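Step one of this worksheet: look at the structure below.
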Amino acid sequence: MASIRNLEMAAALSAYQNITIKKSLFSTKALFMPTQSPVKPIILEYTPTDGERLKRLLNMPIDKMAAELQRSGKPAVAPIGHFRLEVCLSDDHQFCALQLFRFADFKYSPVAQPCFYEGEDVKTIVQLIQ
């Protein structure tokens, strides 16, 4: 199971108003409160070419992103890449948080701030990552 490795993303997720973090002796779980759905991490990596394309897609308004995905498909995931997308997706697909990172100088650095999506907008993000 993947885990969110970047502290900036973890802090942004825990500070989001509709997320509750529940800690127990052996685990930490995030819940999307409006639906009580567990939120789980997904880590995806991309080549430099597909990472740049992903960066452009993530900078688009959600409706334009959906149209571009329909037109040209999603960027291909690579086993090891220069870009890493950290995603937190609720099981019911009603919440998604994501942040894109680029590998440089032996570490992943954020390309942008964490983005949060709820409701119908999450369907477009799911098309992008699954």
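Just so you know, these numbers come straight off a predicted model, no measurement behind them. Numbers for residues simply follow the sequence, beginning at 1.
Checking side-chain atoms of Ser90 against main-chain N and O of Val39 turns up no donor-acceptor pair under 3.5 Å. Lys74 contributes a side-chain N or O that, together with a main-chain N or O of Gln130, makes up a donor-acceptor pair within less than 3.5 Å. Checking side-chain atoms of Gln99 against main-chain N and O of Cys115 turns up no donor-acceptor pair under 3.5 Å.
The pair Arg102-Glu52 meets the salt-bridge criterion, with a side-chain N (NZ, NE, NH1 or NH2) lying under 4.0 Å from an Asp/Glu carboxylate O.
Across all their heavy atoms, Leu128 and Pro75 have their closest contact at CD1-CD, 3.8 Å. Here the closest non-hydrogen pair linking Tyr108 and Phe83 is CE2-C, 4.3 Å. Minimum heavy-atom separation, Pro79 to Glu45: O-OE1, 4.3 Å. The two atoms that bring Gly51 and Leu100 nearest to each other are O-CD2, 4.2 Å, heavy atoms only.
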If you look only at distance, which donor and acceptor atoms sit under 3.5 Å apart when one is on a side chain in residues 120-127 and the other is two or more places apart or in another chain?
| unit_1 | atom_1 | unit_2 | atom_2 | d |
| --- | --- | --- | --- | --- |
| Glu120 | OE1 | Lys123 | NZ | 3.1 |

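Here Ile80 sits alone; no ILVMFWY side chain lies under 4.5 Å from its own, so it joins no hydrophobic cluster.
Pairs engaging residues 22-76 under the ring-ring contact (aromatic ring centres under 6.0 Å, His included) rule: Phe32-Phe95 [sequence neighbours left out].
With a 4.5 Å cut-off on side-chain heavy atoms, Lys64 and Ile62 do not count as touching.
Other residues, nucleotides and ligands place no more than 12 heavy atoms under 6.0 Å from the NE2 atom of His82.
Counted by atom type alone, Asp92 and Thr35 present one or more donor-acceptor pairs between their side chains at under 3.5 Å.
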